[in-house]
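Here is the structure we will look at.
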Amino acid sequence: MPSPRLLPLLAVLAADLAAQTPPAPPPPSFLGFPLSGSVTLGSQYIWRGLTQTDGNPTVQAELDLAHPSGFYLSTSLSNISWFTDQNAGLASAPVALGSPGAVGAPLYRPGKVNSAGVEVDLFGGYKWGFAKDWVLDVGLYRYLYPGTYDNLGAFRNPDTTEAYLGLGYAWASLKYSRVLSETAMGVFNSKGTNYVDLSLAIPLGESGWTVLLHGGRTTYPAKANPDFFSNGSTLTGDNALFSYSDYKVGLAKELRGYTLALAATDANTRARAADGQVPVYENAMGRNVGKGRLTLTLAKAF
């Protein structure tokens, strides 16, 4: 134990050292908005229960500008393959939409290709903390898929615009999104498609572990899409066949500034239309992009 005579001296030295310690630098900012972001590595990219990379690895990045007033702007980037993986033919004669001259039908242009390997998201809005642990979130989301679209046939450019309204309380959130653009993810005549999302991130005490639970419902309007849902002269359905529910159960753990997460997802997506030939969520490799998946991700925030 220090002698009573040393205590005043130690106090003076401690105060002197504290005065010499440089203050922590302020967080970076842009146009008055504090800047933050994250980088994520994943075994695959899952969006609303659907694999966007056909089970292959993903690298993602996000930048966020959040003003103290509640306004925010964000952008994110990821590799994808789902659009060109789609089957532009029939189940018995699959042809990837990214293949040259996808099919010989008049709707397609032989020798012309499609290429879409990147997703760029732009979104912004306003978050209002109106009571303890309660947050209201409203904004717009724009999905962009830069690429080449020379041979779409029955498909459309996948760029999509959504409006959303969310309500959060502590570790629970409920969100409603509605498509404002004429097409939703390349589906003709699909304006008004909506998504309802309930997500829970339940912390397990002070352990650093978090339980992840999610349920969502995608609803496409029952609108005609004859170029897509046709097998010869026979119509096999409408855009309501694209509607589905998705679920997720997972665990996340904070490890020295990184977040490691393992999640199981599943969606009741229809592989094919009633005729067994026109594909719905079955890609050109014969895989249903929504069925049971296990995904591992490692994320670093900065």
Side-chain angles (χ1 to χ4, degrees), residues 36-64 66 72 74-80 82 119 121 123 125 127 129 132-139 141 143 162 164-177 185 194-219 243-269 281 288-302:
S36 62
S38 64
V39 176
T40 301
L41 303 177
S43 60
Q44 64 181 316
Y45 172 20
I46 297 290
W47 177 79
R48 296 181 180 175
L50 311 179
T51 179
Q52 307 294 283
T53 55
D54 194 36
N56 294 313
T58 182
V59 179
Q60 302 173 352
E62 180 170 322
L63 285 176
D64 305 297
Y72 63 91
S74 298
T75 183
S76 63
L77 177 74
S78 178
N79 60 300
I80 57 104
W82 69 269
E119 175 184 329
D121 299 339
F123 54 102
K127 288 185 178 180
K132 180 176 172 56
D133 294 330
W134 287 92
V135 176
L136 187 67
D137 184 12
V138 59
Y141 209 112
Y143 301 88
E162 283 185 342
Y164 58 86
L165 176 65
L167 180 66
Y169 176 73
W171 38 259
S173 67
L174 179 65
K175 188 175 182 180
Y176 174 80
S177 303
M185 301 300 160
N194 63 76
Y195 185 67
V196 179
D197 166 14
L198 175 63
S199 294
L200 308 177
I202 307 170
L204 297 180
E206 303 298 324
S207 66
W209 288 94
T210 302
V211 175
L212 308 174
L213 301 174
H214 158 84
R217 176 66 182 175
T218 298
T219 304
S243 299
Y244 69 95
S245 300
D246 69 283
Y247 311 93
K248 179 173 78 174
V249 177
L251 279 173
K253 171 72 173 177
E254 293 287 340
L255 297 167
R256 298 184 179 182
Y258 293 83
T259 300
L260 184 67
L262 181 66
T265 57
D266 192 32
N268 63 346
T269 44
Y281 283 103
N288 187 326
V289 300
K291 290 304 179 181
R293 305 273 173 171
L294 191 64
T295 304
L296 180 68
T297 59
L298 180 66
K300 172 65 176 178
F302 58 87

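For the single chain, residues carry numbers from 1 onward in sequence order. On a predicted model such as this, the values are computed, not experimentally measured, just so you know.
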### Query
Are any non-hydrogen side-chain atoms of Val249 and Leu213 less than 4.5 angstrom apart?
yes

### Query
Shortest non-hydrogen contact from Gly49 to Asp246?
N-OD2, 3.7 Å

### Query
Got Ser243 and Arg217 here, is their nearest side-chain heavy-atom distance under 4.5 Å?
yes

### Query
side chain to side chain donor-acceptor pair (under 3.5 Å) between Ser78 and Thr58: does it pass, once the steps are laid out?
CA-CA 7 Å; Ser78 178; Thr58 182; 3.2 Å; yes

### Task
Check the pair Glu162 / Phe123 against side-chain contact (heavy atoms from CB on, under 4.5 Å), numbers first and verdict last.
CA-CA 9 Å; Glu162 283 185 342; Phe123 54 102; over 6 Å; no

### Task
Please test Tyr45 against Ile80 for side-chain contact (heavy atoms from CB on, under 4.5 Å), starting from the C-alpha separation and ending with a verdict.
CA-CA 8 Å; Tyr45 172 20; Ile80 57 104; 3.7 Å; yes

### Message
Counting C-beta onward and ignoring hydrogens, is there a side-chain heavy-atom pair between Lys300 and Leu41 closer than 4.5 Å?
### Response
no

#### Entry: Considering all heavy atoms, the nearest Gly37-Asp64 contact
CA-OD2, 4.1 Å

## Note on the structure
Nearest heavy-atom approach of Thr210 to Ala201 is CG2-C, 3.6 Å

### Query
Taking Gln44 as the fixed residue, which of Thr295, Asp54, Thr265, Asn56 is the one that meets the side-chain hydrogen bond (donor to acceptor under 3.5 Å, both in side chains) rule?
Thr295

### Minimum heavy-atom distance between Phe302 and Val39, given as atom pair plus value
CE2-CG2, 4.1 Å

Side-chain donor-acceptor pairs of residues 168-175 under 3.5 Å, sequence neighbours excluded:
none

### Task
Tell me, with the steps shown, if Val211 and Leu200 meet side-chain contact (heavy atoms from CB on, under 4.5 Å).
CA-CA 8 Å; Val211 175; Leu200 308 177; over 6 Å; no

### Task
To the nearest 0.5 Å, tell me how far Thr218 OG1 sits from Asn194 CG.
8.0 Å

### Query
Under 3.5 Å, side chain of Asp197 to main-chain N/O of Gly216, donor-acceptor pair present?
no

#### Entry: Any Val289 side-chain heavy atom under 4.5 Å of Thr269 side chain
no

### Query
With distance as the sole test, does Asn79 use its side chain to make a donor-acceptor pair with the main-chain N or O of Pro57 at under 3.5 Å?
yes

### Query
Between Asp121 and Tyr141, is any side-chain donor less than 3.5 angstrom from a side-chain acceptor?
yes

#### Entry: Criterion side-chain contact (heavy atoms from CB on, under 4.5 Å) against Ser43, the qualifying member of Thr53, Leu298, Leu294, Leu296
Leu296

### Query
Below 4.5 Å, heavy atoms only, C-beta onward: do Lys291 and Asp266 meet side chain to side chain?
yes

### Query
Does the side-chain contact (heavy atoms from CB on, under 4.5 Å) test come out yes or no for Lys253 and Leu262, once each step is laid out?
CA-CA 9 Å; Lys253 171 72 173 177; Leu262 181 66; over 6 Å; no

### Task
Supply the atom-to-atom distance Gln52 CD to Gln60 CD, rounded to the nearest 0.5 angstrom.
9.5 Å

### Nearest heavy-atom neighbours spanning Lys127 and Tyr72
CG-CE2, 3.6 Å

### Validation row: Leu260, Leu251 side chains within 4.5 angstrom (heavy atoms)
no

### Query
If you count the non-hydrogen atoms of other residues, nucleotides and ligands that lie under 6.0 Å from OH in Tyr258, is the total more than 12?
no

### Task
Verify the ring-centre separation between Tyr244 and Tyr281: is it less than 6.0 angstrom?
yes

### Task
State, to 0.1 Å, how close Thr51 and Trp82 come at their nearest heavy-atom pair, and which atoms those are.
O-CB, 4.2 Å

### Task
Working to the nearest 0.5 Å, report the span between CG of Leu198 and CG of Leu167.
10.5 Å

